[in-house]
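We count ligands from 1, going down the list as the structure has it; atoms in each ligand are counted the same way.
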Amino acid sequence: MEKLSTQPYKGTRDFYPRDMKLRNWFFGVIRKALETAAFDEYNGPMLESLDLYIAKSGEEIANEQTYNFTDRGGRRLAVRPEMTPTVARLVAAKMGELNFPLKWFSIPNLYRYERPQRGRLREHWQVNVDIFGCDTFDADLEVISTAIMLLRAFGADSSMFKMHINNRRFFNDVIATIAGTDAEGSRKVSKVVDRKNKIPREAYVTEMKNLGLDDEKIEKIDSLYTMSVDQATSLCPDSVGSAELLQLFSALRECKLDKYCVFDFGIIRGLDYYTGTVFEMFDEAPENNRAMFGGGRYDNLVGLFVKNTNISGVGFGFGDVTLENFLVTHDLIPDIYAQSTKVLVTRFDDVPYAKYAATVDKLREAGIVSSVYVGTKKFGKQIDYAVKENYTHVVILGATEVVQGTVKIKDLATHEEKTIEYYELANFFKKRK
Ligand code: HAM
C-alpha cells in the first residue's frame with residue numbers, strides 16, 4: 001500500500017517546537033503591548049454560518065475563498081476566513097451588557113482558499129484589534145496609533161514601514177465627481193482600483209473603460225494616486241470623507257505620528273463592509289510588497305444582527321506570515337533560543353523513581369525548568385540526550401549521594417561538577433535564574 005504523505009495540507013504549516021518558540025515569542029510581544037494599552041482578549045468558534053460572510057465580507061472572500069460545507073443537519077457553514085463578522089456577532093449578542101467603547105483583540109487562525117505565495121497561505125493567524133461604539137475619529141486615531149505601537153514594540157522605526165490611509169466616503173465622492181457614477185458605479189470602480197497593483201496597466205484601463213470611464217477620467221483618477229491629502233481633499237471640499245481625512249491627518253501630525261503615515265488614494269480594501277477610514281500597513285522593503293495589516297471603519301456590521309442598531313467599529317487584522325517576513329527582513333528577531341537554566345535529573349536503577357519525582361517537584365516548585373529523564377537508558381546516553389535537548393545542567397543522584405544526603409550537579413557548558421547538600425538543590429539554581 002502506498003504510504004501516506006508527511007506533508008501538511010497545501011498552504012498550511014506544521015509548527016515544530018522551534019517554530020512554536022518563535023511564534024509564541026512574537027504573539028507574546030503583541031499580547032503584552034495590547035494588554036498594556038488596555039485591550040481585552042476574546043475568541044469565538046472556527047465555524048460560522050456561511051451567510052455571515054455572504055452578507056458582508058464581499059464576493060471574493062465569500063464565494064472564492066471560504067472553505068465551506070453543509071453539516072449533517074443541513075446547515076451551510078464556513079471555516080472562518082476572517083474574524084470581523086464573528087466579533088460583530090459577539091458584540092450584537094451582548095449589546096445591552098457591554099460597556100462601550102470596547103477595546104478588544106484576538107489572535108485567531110483563519111482559512112482562505114488562496115494560491116499560496118510569499119505572504120499568502122491558506123491558514124494564517126491574524127491579530128485582530130478593534131474598537132466598538134465610538135463614532136468619532138478618536139477611535140480611528142487610537143487604532144492607527146495602536147498598529148504603529150505594535151511594530152515599534154518589535155524595535156521597528158519609521159524607515160521600515162508606512163501606514164497608507166484613505167477614506168471610503170471620500171473615495172466614493174471623488175469618483176462620483178470625476179466619473180459621474182452612482183453608488184453602485186463607484187463601488188465597481190473601487191473594485192478595479194483595489195486590484196490596480198495586481199493587474200497589468202492595460203487590463204486596468206480596459207476594466208475602467210468597461211465601466212464607462214474615458215481616457216480623460218482615467219487620467220484624472222491617475223493623478224490622485226500621487227496627491228497629498230490636502231491636494232486630494234481640495235477636489236471634493238464638501239465631502240464628509242474629506243473632512244474626516246483632514247481631521248485624522250491633523251491629529252496624526254499633532255501626535256507626531258505623521259512620519260509613519262501617508263495618504264494613498266489607491267487604498268480601498270477588498271472587504272465590502274468598510275465605510276469610512278481605510279488603511280494598510282506596508283513594509284518599506286520591496287521584497288515584502290504585500291500589506292502587513294489592513295483595516296478601517298465599518299459603521300453597520302453589528303446592525304446585521306440587531307434591528308435599528310448602529311454600533312460602529314474600527315479595527316485591523318495583522319497576519320503572522322507578513323509579520324514574520326517583516327521581522328526577518330529587518331533583522332528584528334533577537335536570540336530567542338538563548339539558553340536559560342534547564343535541568344535534567346538523571347536516573348539510576350538502584351534509586352527508587354519516587355526520589356527523582358520528589359526532586360523534580362522541588363525544582364519545579366522553585367520555578368526551575370526541569371525534568372526527570374524519561375526512560376531507562378545508560379547514564380552516558382542520558383547525558384547525550386541532555387546536551388542535544390539544550391539542558392544546561394544535569395543533576396546526578398545515585399545511591400551514594402542518597403545515603404550522604406548530597407547531590408552532584410554537572411554544568412553542561414563548562415563540564416564542571418559540584419557536590420552540594422541535597423536540601424540546597426533548589427536554592428542553587430534559584431540563585432542562577
Ligand atoms: P484582510 O486585509 O483580509 O482584512 O487581512 C488582514 C491581514 O491579514 C493582511 O494584511 C495580511 O497580513 C493577513 N492575511 C490575510 N490573508 C492572508 C493569507 N491568506 N495569508 C497570510 N496572511 C494573510 C481582514 O481580514 C479584516 N477582517 C481585518 C479587520 C479587522 N478589519 C477590521 N478589523
Side-chain angles (χ1 to χ4, degrees), residues 9-13 23 26 30 34 39 42 44 48 52-53 56-62 64-67 78-91 102-132 134 139-140 142-144 146-147 150-151 161-164 166 168 194-195 197-198 267-283 288-302 311-327:
Y9 166 60
K10 187 175 175 183
T12 67
R13 291 160 290 170
R23 53 185 300 114
F26 59 64
I30 288 173
L34 288 172
F39 282 87
Y42 68 92
E48 288 278 8
L52 204 54
Y53 308 106
K56 271 297 164 189
S57 295
E59 295 144 25
E60 195 188 4
I61 283 221
E64 292 162 30
Q65 295 188 344
T66 55
Y67 284 82
V79 182
R80 60 187 176 198
E82 59 154 337
M83 198 63 172
T84 312
T86 297
V87 69
R89 185 175 60 70
L90 260 69
V91 171
L102 305 174
K103 292 178 70 177
W104 280 10
F105 81 97
S106 186
I107 313 184
N109 55 337
L110 308 176
Y111 275 83
R112 293 184 189 182
Y113 194 75
E114 294 205 50
R115 189 169 62 78
Q117 53 197 287
R118 184 171 172 85
R120 279 288 178 275
L121 295 176
R122 290 186 172 173
E123 183 191 37
H124 75 286
W125 271 253
Q126 195 190 80
V127 177
N128 274 251
V129 174
D130 289 271
I131 296 181
F132 284 92
C134 170
D140 308 44
E142 170 83 355
V143 159
I144 289 174
T146 301
L150 284 188
L151 288 183
F161 65 89
K162 284 278 171 306
M163 179 72 101
H164 291 231
N166 195 7
R168 279 259 176 110
D194 186 43
R195 298 197 302 121
N197 295 331
K198 297 179 195 149
I267 297 298
I268 295 299
R269 307 278 301 124
L271 297 158
D272 282 348
Y273 46 69
Y274 297 111
T275 46
T277 304
V278 277
F279 57 84
E280 286 186 354
M281 180 79 92
F282 283 91
D283 189 338
N288 297 329
N289 56 1
R290 291 204 163 263
M292 276 196 280
F293 298 35
R297 173 175 278 280
Y298 41 97
D299 284 332
N300 41 21
L301 259 188
V302 176
I311 295 178
S312 64
V314 197
F316 62 81
F318 176 11
D320 65 332
V321 186
T322 41
L323 170 64
E324 190 173 333
N325 290 343
F326 175 79
L327 295 176

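Remark: E142 engages K103 in a salt bridge, criterion side-chain N to carboxylate O under 4.0 Å. Between D320 and R13 there is a salt bridge, since at least one side-chain N of the basic residue sits less than 4.0 Å from a carboxylate O of the acidic one.
The nearest pair of heavy atoms linking P81 to R112 is O-NE, 2.7 Å.
Taking the centre of each ring, F105 and F39 stay at or above the 6.0 Å mark.
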Check ligand 1 for close polar pairs with the protein: N or O on both sides, less than 3.5 Å.
residue	atom	partner	partner atom	Å
ligand 1	2 (O)	R269	NH1	2.9
ligand 1	2 (O)	R269	NH2	2.8
ligand 1	3 (O)	R112	NH1	2.9
ligand 1	3 (O)	R112	NH2	3.0
ligand 1	4 (O)	R269	NH2	2.9
ligand 1	5 (O)	Q126	NE2	3.1
ligand 1	8 (O)	Q126	NE2	2.8
ligand 1	10 (O)	A291	O	3.3
ligand 1	12 (O)	M292	O	2.8
ligand 1	12 (O)	G319	N	3.1
ligand 1	12 (O)	T322	OG1	2.9
ligand 1	14 (N)	H124	NE2	3.2
ligand 1	16 (N)	R112	NH1	3.2
ligand 1	19 (N)	E114	OE2	2.7
ligand 1	19 (N)	L121	O	2.7
ligand 1	20 (N)	L121	N	2.9
ligand 1	25 (O)	R112	NH2	2.9
ligand 1	25 (O)	Q126	NE2	3.3
ligand 1	27 (N)	E82	OE1	2.6
ligand 1	27 (N)	T84	OG1	2.6
ligand 1	27 (N)	Y273	OH	2.9
ligand 1	31 (N)	Y274	OH	2.7
ligand 1	33 (N)	D130	OD1	2.8
ligand 1	33 (N)	F316	N	3.4

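K162 forms no cation-pi arrangement with F282, by the criterion of a distance under 6.0 Å to the ring centre and an angle within 45° of the ring axis.
Residues passing the ring pair (Phe, Tyr, Trp, His ring centres under 6.0 Å) test with Y113 are Y67, sequence neighbours excluded.
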